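In this text the structure is predicted, and so the values were computed from the model without any measurement. Side chains are part of it too, since the values below use all heavy atoms of this structure and drop only hydrogens, waters and symmetry mates.
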Amino acid sequence: MRDRPYAFVRIGDRWINMAMVTDIEDHGEQLVVYMSADLAPFAGRQESKPIDVARRYIVVDPEAVARLRTWLRLNDED
C-alpha cells in the first residue's frame with residue numbers, strides 16, 4: 001500500500017474524487033460509482049432543511065473500468 005493514497009482518478013473526461021465515493025457496484029463490464037454530493041439547499045419547500053444527495057456515475061469504457069479497479073486494489077486497506 002502507498003504511504004498516501006491518491007484521492008482523484010481521471011475517468012473519461014472527468015475527475016472522480018474517490019474520497020467522496022460511498023459505494024461501487026460491479027456489473028461485470030461496467031461499474032456504477034455512487035458519490036456523496038453537497039447538500040441540496042432546498043428539496044421542495046422553503047421551510048425544508050438541506051438534505052444530503054448522492055450522484056451516480058456509470059463507467060462503461062473498458063480502459064476506465066480497468067483503471068478504476070487498479071486504483072481500488074492499490075488503495076485497499078485490507
Side-chain angles (χ1 to χ4, degrees):
M1 180 161 160
R2 297 185 182 120
D3 292 332
R4 186 176 67 181
Y6 297 112
F8 291 92
V9 177
R10 184 171 179 95
I11 302 295
D13 61 345
R14 65 175 47 182
W15 288 90
I16 295 178
N17 183 352
M18 296 302 287
M20 301 292 285
V21 172
T22 58
D23 194 18
I24 297 178
E25 292 180 355
D26 188 354
H27 295 283
E29 296 180 4
Q30 72 179 13
L31 296 175
V32 180
V33 180
Y34 293 93
M35 298 167 282
S36 61
D38 295 334
L39 295 175
F42 296 104
R45 292 176 266 179
Q46 292 181 344
E47 304 88 33
S48 63
K49 295 187 178 194
I51 59 169
D52 287 324
V53 295
R55 296 189 182 189
R56 179 179 67 174
Y57 182 62
I58 300 173
V59 181
V60 294
D61 179 36
E63 185 176 312
V65 169
R67 181 180 304 135
L68 187 54
R69 284 188 174 140
T70 300
W71 188 95
L72 292 169
R73 279 193 299 272
L74 290 174
N75 294 291
D76 186 14
E77 293 183 9
D78 292 334

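- Side-chain contact check for Met18 versus Leu72: some heavy-atom pair is nearer than 4.5 Å.
- Evaluation of the side-chain hydrogen bond (donor to acceptor under 3.5 Å, both in side chains) rule for Gln30 yields no partner, not counting sequence neighbours.
- By the 6.0 Å contact criterion, CZ on Arg10 is enclosed, its count of non-hydrogen atoms from other residues, nucleotides or ligands being greater than 12.
- Minimum interatomic distance between Ile16 and Tyr57 (heavy atoms only, all atoms of both residues): CD1-CD2, 3.6 Å.
- To the nearest 0.5 Å, the span separating CE on Met35 from CZ on Arg55 amounts to 8.0 Å.
- Here Glu29 pairs with nothing under the salt bridge (Lys or Arg N to Asp or Glu O under 4.0 Å) rule; sequence neighbours left out.
- Taken from CG in Leu68 to CD1 in Ile24, the straight-line distance is 5.0 Å, to the nearest 0.5 Å.
- Sorted by first and then second residue, the salt bridge (charged side-chain N to carboxylate O under 4.0 Å, His left out) pairs involving residues 58-68 (not counting sequence neighbours) are Glu63-Arg67.
- Residue Val65 comes nearest to Val59 through the heavy atom pair CG2-O, 3.6 Å, listed as atom of the first residue, atom of the second, then distance.
- Partners of Asp26 under the side-chain contact (heavy atoms from CB on, under 4.5 Å) rule, at least two apart in sequence or in another chain, are Leu31, Arg69.
- Cluster annotation: Val60 is not connected to Val9 through the hydrophobic network of ILVMFWY side chains, with a link wherever side-chain heavy atoms come within less than 4.5 Å.
- Note on residues 15-25: pairs passing side-chain hydrogen bond (donor to acceptor under 3.5 Å, both in side chains), not counting sequence neighbours, are Glu25-His27.
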